[in-house]
Participant: 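For reference, the structure I am asking about is given below.
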Protein chains: 2
Amino acid sequence: MRISGLAHASGVAVATIKYYLREGLLHAGVATSATQATYDDSHLRRLRLIRALTGPVGLSVQQARTILALVDDPGDDLYATLGRAVGALPPSTDAAAAGDPDPYPHARAALEALGQVYDPRFPAVAQLEAALAAAEDAGLPISPERLLAYGRSLRELAAYDLERMPAEPRAAVEYTVLGTALYEPVVLALRRLAHQDVAARLDLGR
Amino acid sequence: MRISGLAHASGVAVATIKYYLREGLLHAGVATSATQATYDDSHLRRLRLIRALTGPVGLSVQQARTILALVDDPGDDLYATLGRAVGALPPSTDAAAAGDPDPYPHARAALEALGQVYDPRFPAVAQLEAALAAAEDAGLPISPERLLAYGRSLRELAAYDLERMPAEPRAAVEYTVLGTALYEPVVLALRRLAHQDVAARLDLGR
DNA sequence: ATGATTGGATAGCGATACTCTCTAATACTA
DNA sequence: TAGTATTAGAGAGTATCGCTATCCAATCAT
């Protein structure tokens, strides 16, 4: 399959494919001459993954490159790889100052209340702190009770996800990294729909 | 308070405040002369809300304007307003073709399995369909069982949210619209942290 | 009186994600 | 085998976004 065939099969413009090649998101085809190369199913699959990440997941090309690099070449430490993947996912937050003894007090309190690991090096901790601060700044602070309720429900989800994790380490990393990124839009949509459902029932009761 | 005071109190640059004024995100101050106006707490609060929406929530100025307009002037129909708000939130998806008899089959099946309202006009339905399609395209399809598990956990969350909804309709709209937007990053961060927690325990067990 | 500040308008900037153009080499097509 | 189409590769161009900077005349603070 040549580049135009790949473009046709994937629905991505030739120029865009060349752009992804240049940006290192897509591996080069097998060169058959100075001006030709052939592409196969692996390119098609990769292209679909790229479009999923840059489209519905909403990653920039830069962020997608980071995630894809982790999928291509994960370490053997699932915990560390997951941390790096989450760090590449939006919303990106700056790390706290090095000297701060307690940089993420709200997040720490929430995780302790939930009985979960608190590791200030983990990007999601900074993300949680930023999100809590934003809600508070906007005048809708999140109570500890609510955090507890959220945390418990979401822990159920996470447990479900991890139970289904493949046994093989490489597959496990891919599953975890991509599952984090790809399933988030699903989670958000379902939450919105649950709100809609409850709201509809309330309206009916008026 | 003049514009420089507002800039100082909010931490937003004067030029940026002017930009928000121009873009209609922030209401004008009370003009005291041709070249002066005073701003008050309502401007400060609004500015904080704008920064929360354009920052951690990740909205564009355009999307924030839509959300803010709904908060300022909601209809009295909570359901409809919530729908419009969700439609303004990313990821934005195009509506299906008008003539399609069953435009969102996966989403419909999921919602029916969950016993929830299915309304194809609701933007979150299209978002769910797009998210499911993206996961599938990327090679990590979401099974009906998983959707059911997700849906149930998230419905708990939504029920918790709606129980705490203010009784007064105007406040209810603000709570629902802003709660949808502002709490999403919290939900995502907590999910990521729950994954981290479970992964950490698995690693320990190795 | 004088220097700083303001509202209002316009222009510029840096990043992002493509998209277009070009060239020379090569590959199908009649 | 002549002619047309396609390709790789690289660079430049484009549109949008979210500011940011500059300018002006009016006005304020001292």
Side-chain angles (χ1 to χ4, degrees), chain A residues 1-40 43 46-68 88-92 94 134, chain B residues 1-40 43 46-68 88-92:
Chain A
M1 189 195 286
R2 287 164 302 173
I3 201 169
S4 60
L6 184 60
H8 187 258
S10 64
V12 177
V14 171
T16 305
I17 294 175
K18 288 185 177 184
Y19 169 66
Y20 291 152
L21 286 167
R22 250 176 294 152
E23 293 298 317
L25 303 192
L26 183 65
H27 49 295
V30 178
T32 58
S33 80
T35 64
Q36 307 267 275
T38 59
Y39 302 86
D40 58 24
H43 296 90
R46 178 63 159 233
L47 219 34
R48 281 208 259 258
L49 179 54
I50 294 169
R51 297 302 274 199
L53 291 176
T54 58
V57 177
L59 299 191
S60 69
V61 166
Q62 161 86 274
Q63 291 162 337
R65 180 169 36 221
T66 305
I67 296 288
L68 290 168
L89 256 29
S92 48
D94 296 337
Chain B
M1 191 195 287
R2 285 164 304 173
I3 201 169
S4 60
L6 184 61
H8 187 258
S10 64
V12 177
V14 172
T16 306
I17 293 175
K18 287 185 178 183
Y19 169 65
Y20 291 152
L21 286 167
R22 249 177 295 147
E23 292 299 319
L25 303 192
L26 183 65
H27 48 295
V30 179
T32 58
S33 79
T35 63
Q36 306 266 269
T38 59
Y39 302 86
D40 58 25
H43 296 90
R46 179 62 159 233
L47 218 34
R48 281 206 259 257
L49 179 54
I50 294 168
R51 297 301 273 199
L53 291 176
T54 58
V57 176
L59 299 190
S60 68
V61 166
Q62 161 84 274
Q63 291 162 337
R65 180 171 34 223
T66 305
I67 296 289
L68 290 168
L89 256 29
S92 48

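Here is the naming used below: chain letters follow the sequence lines, and residue numbers restart at 1 for every chain. Treat the numbers as computed from the prediction; the structure is a model and nothing was measured.
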Participant: Please state whether the phosphate of dC19(D), meaning OP1 or OP2, lies under 4.0 angstrom from any side-chain nitrogen or oxygen of Y20(B).
Facilitator: yes
Participant: At their closest point, which heavy atom of L68(B) faces which heavy atom of R46(B), and how far apart are they?
Facilitator: CB-NH2, 3.4 Å
Participant: For a quick check, with a 4.0 angstrom heavy-atom cut-off, what is the B/S/- contact string for nucleotides 24-30 of chain D, read 5' to 3'?
Facilitator: --BSS--
Participant: For a quick check of understanding: with a heavy-atom distance under 4.0 Å over all strands, which category does T54(B) fall into, base, sugar-phosphate or nothing?
Facilitator: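 Nothing, no nucleic acid heavy atom in range.
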Participant: Mapping I3(A) and A15(B) onto DNA chain D by nearest heavy atom, which one lands closer to the 5' end?
Facilitator: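 Checking each residue's closest nucleotide, the 5'-ward one belongs to I3(A).
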Participant: Please confirm whether any donor atom in the side chain of K18(A) sits under 3.5 Å from an acceptor in the base of dA8(D), or the reverse.
Facilitator: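 Present.
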Participant: Looking at CG of L89(B) and CD of Q63(B), how far apart are the two atoms once the value is rounded to the nearest 0.5 Å?
Facilitator: 7.5 Å
Participant: Could you state the atom-to-atom distance from CD of Q62(B) to C1' of dC19(D) in whole Å?
Facilitator: 16 Å
Participant: Output yes when at least one side-chain N/O atom of T16(B) is less than 4.0 Å from OP1 or OP2 of dG18(D), else no.
Facilitator: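 It does not, given that no N or O in the side chain of T16(B) lies less than 4.0 Å from OP1 or OP2 of dG18(D).
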Participant: Whole-Å distance between dG18(D) P and R51(B) CZ?
Facilitator: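 About 12 Å, once rounded to whole Å.
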Participant: Determine the minimum heavy-atom distance between A134(A) and A52(B), stating which atoms define it.
Facilitator: O-CB, 3.7 Å
Participant: Within a strict 4.5 Å, meaning less than it, do heavy atoms of the L59(B) and P90(B) side chains meet?
Facilitator: yes
Participant: Please state how far atom CG in L21(A) lies from atom C1' in dG11(D), giving the value in whole angstrom units.
Facilitator: 16 Å
Participant: Side-chain atoms of residues 12-25 of chain B: list all donor-acceptor pairs with protein atoms under 3.5 Å, sequence neighbours left out, distances to 0.1 Å.
Facilitator:
unit_1, atom_1, unit_2, atom_2, d
Y20(B), OH, R51(B), NH1, 2.8
E23(B), OE1, R65(B), NH1, 3.3

Participant: Please find the earliest and latest nucleotides of DNA chain C, in the 5' to 3' direction, that have an atom within less than 4.0 Å of any heavy atom of chain A.
Facilitator: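 Terminal contacting nucleotides, 5' to 3': dA17(C) to dA27(C).
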Participant: Do H43(B) and L26(B) touch side chain to side chain, with heavy atoms closer than 4.5 Å?
Facilitator: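 Side chain of H43(B) against side chain of L26(B), heavy atoms only: contact under 4.5 Å found.
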Participant: Using the closest heavy atom to pick a nucleotide of DNA chain D for each, name whichever of A28(A) or V61(B) lands nearer the 5' end.
Facilitator: A28(A)
Participant: Ignoring hydrogens, what is the shortest heavy-atom contact between P91(A) and P56(B)? Give both atom names and the distance.
Facilitator: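 In this case the closest contact between P91(A) and P56(B) is CB-O, 4.0 Å.
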Participant: Could you state the interatomic distance from CD1 (I50(A)) to CG (L53(A)), rounded to the nearest 0.5 Å?
Facilitator: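 Taking CD1 in I50(A) and CG in L53(A), the distance rounds to 8.0 Å.
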Participant: If I take atom CG in residue L26(A) and atom P in nucleotide dG9(D), what distance separates them, rounded to the nearest angstrom?
Facilitator: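 One finds 12 Å between P of dG9(D) and CG of L26(A), rounded.
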Participant: In whole Å, what is the span from the CZ atom of R22(A) to the C1' atom of dA8(D)?
Facilitator: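 That distance rounds to 11 Å.
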Participant: What's the shortest heavy-atom distance between A37(B) and G29(B), and which atoms?
Facilitator: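 So the minimum-distance heavy-atom pair works out to CB-C, 4.1 Å.
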Participant: Scan A37(A) against the nucleic acid and name what it touches under 4.0 Å (heavy atoms): base, sugar-phosphate only, or nothing.
Facilitator: sugar-phosphate
